[in-house]
A.B. asks: 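Got a structure for you, questions after.
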Amino acid sequence: MAKILVLHGPNLNLLGTREPEIYGSATLDDINHMLKARAEETGLGIDFLQSNHEGVLVDAIQQARGKYDYIIFNAAAFTHYSIALRDAIAAVDVPVIEVHISNVHKREEFRHQSVLAPVALGQICGLGVASYLAALEAIIYRLNH
Ligand code: CA2
């Protein structure tokens with residue numbers, strides 16, 4: 001059975017409580033439940049981790065080696081500057097799909113750059129919580145082709 005790890009970075013535990021005009025009204029639990037339901041429908045295993053701490057996310061990526069087939073990763077603000085997360089992604093052979101709820105390209109200039117994108121399999125942004133679902137659909141497609 002293929003297994004997917006979903007990683008959520010800093011402040012995403014606040015989803016659904018503030019800034020709904022940017023991030024929508026779904027909570028992190030809502031997102032995780034949606035992903036779990038779709039993964040179960042297709043016979044995939046799926047685990048979730050949210051952390052506000054860069055090192056915890058580095059550890060999770062390192063430990064994903066040999067255990068998970070794909071990682072769906074919203075690194076939140078770390079996306080824009082964490083070389084530690086970039087190096088961790090580059091060091092493991094687990095493909096990472098970078099996701100963002102908002103369209104980072106139409107926001108502040110500092111959000112236009114992702115230091116993770118060059119080592120990610122791909123990037124999905126701007127679709128709201130459907131960015132996560134699109135990443136999961138891409139994985140399902142790739143596992144079947
Ligand atoms: O659009 C995304 O998914 C982001 O990764 C979200 C990050 C932001 O730093 C990235 O540039 C784009 C911020 C996550 C903070 O989430 C909050 C949720 C509710 C209230 C406040 C922050």
Side-chain angles (χ1 to χ4, degrees), residues 2-42 44-65 67-143:
K3 287 198 73 180
I4 296 157
L5 177 63
V6 182
L7 293 177
H8 305 284
N11 298 308
L12 288 166
N13 53 312
L14 300 176
L15 276 179
T17 64
R18 282 149 210 247
E19 303 193 73
E21 66 289 354
I22 301 175
Y23 299 116
S25 57
T27 65
L28 199 61
D29 268 359
D30 294 334
I31 294 172
N32 290 347
H33 281 122
M34 280 190 301
L35 291 170
K36 196 171 168 59
R38 182 65 184 132
E40 279 173 359
E41 245 173 48
T42 49
L44 297 174
I46 193 160
D47 292 323
F48 303 92
L49 175 74
Q50 187 276 328
S51 180
N52 294 326
H53 304 280
E54 189 179 23
V56 172
L57 295 166
V58 169
D59 288 344
I61 293 165
Q62 288 184 12
Q63 288 157 16
R65 199 178 203 162
K67 199 169 162 204
Y68 292 98
D69 299 284
Y70 283 94
I71 297 173
I72 297 174
F73 192 13
N74 185 347
F78 289 148
T79 305
H80 312 300
Y81 67 90
S82 175
I83 306 303
L85 287 170
R86 176 189 170 126
D87 288 347
I89 293 168
V92 299
D93 45 10
V94 184
V96 171
I97 302 184
E98 176 186 337
V99 302
H100 300 286
I101 295 166
S102 64
N103 181 348
V104 287
H105 301 290
K106 64 177 184 199
R107 298 184 63 194
E108 303 95 323
E109 196 149 343
F110 66 84
R111 296 187 204 276
H112 298 180
Q113 194 205 1
S114 165
V115 299
L116 309 184
V119 293
L121 174 64
Q123 185 196 54
I124 300 169
C125 76
L127 308 181
V129 297
S131 292
Y132 286 93
L133 285 167
L136 182 55
E137 290 306 326
I139 292 168
I140 292 166
Y141 179 86
R142 290 171 66 91
L143 287 169

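What's counted below: heavy atoms across the whole structure, side chains too, no hydrogens, waters or symmetry copies. Remember, it's 1-based here, ligands and their atoms both numbered in the order they're listed.
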A.B. asks: Would you say ligand 1 has an N or O under 3.5 Å from any N or O of His80?
C.D. replies: yes
A.B. asks: Find out whether Leu5 and Val94 are in side-chain contact, i.e. whether some heavy atom of one side chain is under 4.5 Å from a heavy atom of the other.
C.D. replies: no
A.B. asks: Taking all non-hydrogen atoms of both residues into account, name the closest pair between Cys125 and His105 and its distance.
C.D. replies: SG-CD2, 3.8 Å
A.B. asks: For ligand 1 and Ile101, I'd like to know whether there is a polar contact (N/O to N/O, distance under 3.5 Å).
C.D. replies: yes
A.B. asks: Does any part of the side chain of Glu98, heavy atoms only, come nearer than 4.5 Å to the side chain of Phe73, both counted from C-beta?
C.D. replies: no
A.B. asks: According to the interplanar angle, ranging from 0 to 90°, do the rings of His100 and His80 count as parallel (below 30°), tilted (30 to 60°) or perpendicular (above 60°)?
C.D. replies: parallel
A.B. asks: Does some side-chain heavy atom of Leu15 sit less than 4.5 Å from a side-chain heavy atom of His8?
C.D. replies: no
A.B. asks: Heavy-atom pairs closer than 4.0 Å: do any link ligand 1 to the side chain of Arg18, the backbone, both, or neither?
C.D. replies: both
A.B. asks: What protein heavy atom is closest to atom 13 (C) of ligand 1, reported as residue, atom name and distance in Å?
C.D. replies: Tyr23 OH, 3.3 Å
A.B. asks: Give yes if a backbone or side-chain nitrogen or oxygen of Ser102 is under 3.5 Å from a nitrogen or oxygen of ligand 1, and no if not.
C.D. replies: yes
A.B. asks: Heavy-atom distances under 4.0 Å decide this one: backbone, side chain, both or neither, for Arg111 against ligand 1?
C.D. replies: side chain
A.B. asks: Considering only protein heavy atoms, which is closest to atom 4 (C) of ligand 1, and at what distance to one decimal place?
C.D. replies: His100 ND1, 3.7 Å
A.B. asks: Please report the interatomic distance CG(Leu85) to CD1(Ile61), rounded to the nearest 0.5 Å.
C.D. replies: 5.0 Å
A.B. asks: Heavy-atom distance under 4.5 Å between the side chains of Ile101 and Tyr132, does that happen here?
C.D. replies: yes
A.B. asks: Kindly indicate whether the side chain of Ile4, heavy atoms from C-beta on, has any atom under 4.5 Å from the side chain of Ile139.
C.D. replies: yes
A.B. asks: Kindly indicate whether the side chain of Val119, heavy atoms from C-beta on, has any atom under 4.5 Å from the side chain of Val96.
C.D. replies: no
A.B. asks: So which protein heavy atom does atom 16 (O) of ligand 1 come closest to, and at what separation?
C.D. replies: Asn11 O, 3.5 Å
A.B. asks: Heavy-atom distances under 4.0 Å decide this one: backbone, side chain, both or neither, for Val104 against ligand 1?
C.D. replies: side chain
A.B. asks: Looking only at protein heavy atoms, identify the closest one to atom 14 (C) of ligand 1 and say how far it is in Å.
C.D. replies: Leu12 CD2, 3.7 Å
A.B. asks: When you compare ligand 1 with Asn74, is there at least one nitrogen or oxygen pair between them that comes in under 3.5 angstrom?
C.D. replies: yes
A.B. asks: Checking a contact table here: which protein heavy atom is nearest atom 21 (C) of ligand 1, and how many Å away?
C.D. replies: Glu19 OE2, 3.5 Å
A.B. asks: Any idea which atoms of ligand 1 are less than 4.0 Å away from a heavy-atom of Ala77?
C.D. replies: 9 (O)
